[in-house]
Amino acid sequence: MAEFSLPGRVHLGAAAAEPIRRLPSGLQHLDTLLDGGVPRGRISELIGPLSSGKTALLLALLAAVTRRGEVTACVDLADALHPQSIAAAGVDLQRILWVRPRSVIDGLRCTELLLHAGGFALTVLDLGAPVPRPLRRSIWPRLQHVAEHSHTALVILAPHRIAGSFAVMSLRLQPRQPLWRRGAWPLFEGFETALQLERNKLGDSEAKSIKLQAASQTLLSAFDLQL
Amino acid sequence: MRLACLCVPDFPLAALLRVQPELRGEPVAVADGPGPGAKILAVSAAAAQHGITAGLSAAQAAAIDAQLLIRQVSPDMLRAAQAALCDTATSFSPRVEDAGGGIVYLDLDGLGALYESESQLANALAQRAVHLGLDAYVGVAASKVAAGLAARNGGGVTVIPRGEEWSFLAPVPVASLEPGLELTATLQRWGIRCIGDLAALPASAVGTRLGPDGMRLVRRARGEDEHPLVPRPLPIHFEEGVDLEYGIDAVEPFLFVLRGLLDRLTTRLAVRGFICGDLRLSLRLATRGRDERTVGVAAPSNDVKALLTLARLHLEAHPPDAAIEALRVTAIPERLRAAQLDLFRPNGPTPTRLAVTLARLTAICGADRVGAPAVADSHRPDAYDVRSGSLLADGLLQEGHPATISHMPPAIRDGSAVIPLALRAVRPPRAVEVFCTRDRPEFVRGDQLAGRVVYAAGPWRVQGEWWSDGRYVRDYYDAQLSDGCVYRLYCDLATQGWFVDGVYD
């Protein structure tokens with residue numbers, strides 16, 4: 001018994017937690033900030049107002065995931081996904097299931113069904129802006145439980161934090177300034193945004209931020225980046 | 001050659017009990033029509049105990065047992081039962097002959113490697129028939145006649161070993177060969193009671209006295225087939241129907257009836273290795289009209305609950321004009337395509353679970369709102385497409401090698417990660433008021449949207465589809481409003497109306 005009384009020999013409670021798998025976004029800065037990517041089996045939030053770049057960031061994540069051959073789903077309550085933008089971001093359109101429910105209740109049911117189905121690496125719940133009502137708080141522990149079982153990363157797109165403490169990670173996007181090419185023929189070229197890790201239950205890199213640029217094709221061409 | 005015969009005794013009664021299993025154990029008689037003069041075709045064991053036999057009139061049978069349930073069997077029910085019996089046989093062998101009337105023959109050659117013995121194979125056949133709602137007798141022998149007699153007279157599963165046909169058939173009453181009335185009388189006069197007696201007679205002598213019918217009878221008594229097995233490919237057609245005793249004008253009772261039909265259909269589909277695609281409903285209405293409709297199933301599935309939900313949604317959206325008196329359901333069979341798994345690729349959703357999930361999602365959202373996004377074949381800026389057909393059949397959402405997609409490599413500029421700009425669509429485009437100064441937008445006002453234009457780019461004239469009713473001529477602008485958001489606006493030159501069809505995000 002003397003041996004067991006030594007510290008570290010007796011473990012109380014459940015077995016050691018399984019290491020959390022991550023979905024890398026393919027953006028080095030972001031993956032460093034997120035300790036490797038978006039956590040699977042957990043709820044994460046992408047929050048920010050319109051024109052903050054959250055949809056562009058989501059598409060970049062979807063592109064990275066589908067390029068690895070994984071299957072994703074998007075519950076689009078706002079009916080706002082733009083297939084041309086998705087294709088331009090490099091998302092494999094054959095690996096994304098687009099669901100457009102007619103009401104918030106249907107949207108939450110669809111999200112739960114997709115999480116239950118298993119096999120989806122990433123499921124997105126796009127709540128749009130403003131967030132539709134009614135949205136019961138009791139839904140989040142339920143979705144979190146199902147996501148944990150299916151090892152699916154659930155990412156919520158909303159203008160503000162919505163899942164409370166059930167979201168292990170909240171990324172806030174703050175728009176800085178739109179980029180315009182001024183002159184006789186002005187052109188909209190994108191915008192700069194600040195990406196701040198507002199909440200991170202799984203790591204210690206809380207309250208850090210990086211800069212992000214969402215750039216139009218014109219601007220990307222100017223950078224000699226081939227779309 | 002080894003053949004099996006699947007024989008369903010009292011076939012009309014079996015067809016009825018397949019549709020109404022709650023009548024099993026009850027005194028039931030099947031009549032050939034309505035009214036007291038109808039002839040009884042088949043009776044259940046409980047009814048036979050009371051002395052009711054086939055051939056009585058409905059009135060006579062009812063007089064013997066007041067508790068007797070007299071039912072009729074529609075041609076749809078008989079067809080479906082026969083098709084289910086054929087499905088049972090086809091699930092074992094592709095060489096099947098449909099003899100009709102609850103009898104099917106199948107070739108067993110080549111199945112020996114799958115089963116330890118013929119008895120085991122015959123038992124598996126009988127169990128498969130029970131799974132499809134039919135209590136079938138099974139006979140296995142070297143010829144159709146012997147297999148048929150074994151099935152009919154064995155009363156269960158009977159296997160006649162090779163070379164022992166004679167010893168099995170010899171004691172069977174000659175009436176089992178179903179000779180005509182005249183031949184029966186002649187054979188009785190001759191003192192021939194069993195098949196062995198008849199088979200021992202010289203065929204030519206019998207032919208001289210009884211003609212060609214007598215010759216054929218002797219050959220059958222010797223276990224020789226008049227025609228060999230004629231296997232024909234069975235149609236891949238799955239249909240179940242029911243005639244209702246009264247008109248149904250509410251959804252719930254209709255779905256109760258439909259559930260039974262779908263249960264039987266999906267069982268048959270599963271036995272044949274299919275899954276249910278679209279459903280065709282043919283409804284006979286109380287007004288003597290017909291209502292034909294197709295319920296689209298985006299993700300083929302054998303999940304009855306999901307199919308019922310789809311049917312409910314379709315009926316609620318398009319209710320029939322009158323009460324429903326008869327219902328026929330046809331399932332369009334589809335094959336679930338097998339995918340080669342890859343050790344080095346991540347696991348995707350399993351096809352079966354994905355099919356059920358898609359069916360449920362379709363039931364909730366509608367077939368046009370679930371699918372894979374696709375870029376429309378159009379130059380219209382707000383055009384989009386959804387591949388909402390059979391996602392699994394098209395190989396979508398399947399794990400495997402990712403497609404080669406041109407994409408922007410991750411880039412860093414001035415310390416910022418650079419990603420492609422995205423547009424959030426506004427569907428349908430939202431009408432707004434735009435105040436212009438010298439043809440430049442200055443102020444925008446609309447539902448949940450108002451602000452001074454801080455900066456704008458455009459216009460870009462977009463026009464097309466002038467050859468159709470959908471022609472458009474629009475001037476597009478990118479406009480940053482004072483609320484900080486950048487919107488995509490356009491002015492429809494045909495109506496001079498302004499719309500917002502997207503916001504950059």
Side-chain angles (χ1 to χ4, degrees), chain A residues 26-30 50-51 53-57 59-60 63 66-71 79-90 92-94 96-101 106 109-110 113-114 117-121 175 178 180 186-188 190 192 211-216 220 223 225 227, chain B residues 345-350 353-354 357-358 360-361 364-366 369-376 384-386 391 395-397 399-403 405-427 455-457 478 480 484-486 502-505:
Chain A
L27 302 168
Q28 194 183 356
H29 279 45
L30 184 61
L50 286 174
S51 294
K54 62 179 185 299
T55 307
L57 182 60
L59 296 188
T66 56
R67 275 203 300 271
R68 287 195 297 273
E70 300 199 84
V71 182
D79 193 5
L81 271 194
H82 189 241
Q84 285 96 326
S85 293
I86 304 175
D92 183 351
L93 295 181
Q94 295 200 347
I96 178 167
L97 176 63
W98 187 21
V99 183
R100 295 179 294 157
D106 287 350
R109 282 172 65 198
C110 291
L113 275 174
L114 287 164
F120 289 92
W180 292 93
L187 275 178
F188 175 58
E192 280 186 359
K211 282 195 293 178
L212 193 71
Q213 273 193 21
S216 67
L220 291 169
F223 298 161
L225 299 174
L227 270 176
Chain B
R345 293 288 164 201
N347 289 330
T350 57
R353 291 191 73 176
L354 180 60
T357 305
L358 285 175
R360 290 197 173 140
L361 290 172
I364 293 172
C365 305
R369 299 179 76 86
V370 177
V375 178
Y384 70 100
D385 209 352
V386 183
L391 295 171
L396 302 179
L397 305 178
E399 58 197 293
H401 293 280
I405 304 238
S406 60
H407 64 278
M408 187 203 74
I412 305 294
R413 178 177 174 262
D414 300 337
S416 304
V418 181
I419 54 177
L421 185 65
L423 183 79
R424 286 178 72 83
V426 175
R427 294 193 188 97
Y455 208 85
D478 292 331
Q480 178 189 347
C485 301
V486 182
V503 54
Y504 292 100
D505 187 30

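To find a chain, count down the sequence lines: A is the first, B the second, and so on, and within it residues start at 1.
- Taking 4.5 Å as the limit, every side-chain heavy atom of A:Pro178 sits out of range of all side-chain heavy atoms of B:Tyr455.
- Note: A:Asp79 leads A:Val99, A:Leu113, A:Asp79 in heavy-atom pairs under 4.5 Å with chain B.
- Although no hydrogens or angles enter the test, the distance criterion places no donor-acceptor pair under 3.5 Å between the side chain of B:Thr357 and the main chain of A:Leu114.
- For the residue pair B:Ile419 and A:Ala60, the shortest heavy atom distance occurs at CG2-CB, 3.9 Å.
- Of the atoms belonging to B:Ala376, not a single heavy atom falls under 4.5 Å from chain A.
- Residues A:Ser51 and B:Cys485 come closest through the heavy atom pair OG-CA, 3.3 Å.
- Note: A:Ser85 OG to B:Arg424 CZ = 10.5 Å, rounded to the nearest 0.5 Å.
- Taking the side chain as every heavy atom from C-beta outward, B:Val386 and A:Arg100 approach each other to under 4.5 Å.
- Two residues are said to be in side-chain contact when any heavy atoms from C-beta on lie closer than 4.5 Å; A:Leu97 and B:Leu358 meet this criterion.
- Scanning all heavy atoms of the two residues, the minimum distance from B:Ala422 to A:Leu59 falls at CB-CD1, 3.7 Å.
- Of all non-hydrogen atoms in A:His82 and B:Arg427, the two that sit nearest each other are CA-NH2, 4.0 Å.
- Of all the listed residues (B:Val486, B:Val375, B:Val503), the one sharing the greatest number of non-hydrogen pairs under 4.5 Å with chain A is B:Val486.
- Annotation: A:Arg109, atom CZ; neighbour count of heavy atoms from other residues, nucleotides and ligands within 6.0 Å does not exceed 12.
- Taking the side-chain contact (heavy atoms from CB on, under 4.5 Å) definition, one finds that B:Val426 meets it with B:Arg430, B:Val500, sequence neighbours left out.
- The closest donor-acceptor contact from the side chain of B:Asp505 to the backbone of A:Thr55 lies under 3.5 Å.
- A 4.5 Å side-chain heavy-atom check between A:Pro101 and B:Ile364 finds every atom pair outside the cut-off.
- The two atoms that bring A:Ala89 and B:Pro420 nearest to each other are CA-CG, 4.0 Å, heavy atoms only.
- Within the 4.5 Å cutoff, the side chain of A:Trp180 has heavy atoms near those of the B:Gln480 side chain.
- Between B:Tyr504 and A:Phe188, the ring planes lie tilted relative to each other; the angle falls in the 30° to 60° range.
- For the set A:Leu57, A:Leu30, A:Leu81, A:Ile86, the entry with the most heavy-atom pairs within less than 4.5 Å of chain B is A:Leu81.
- With sequence neighbours left out, A:Ala121 forms a side-chain contact (heavy atoms from CB on, under 4.5 Å) with A:Leu23, A:Arg40, A:Val65, A:Glu70.
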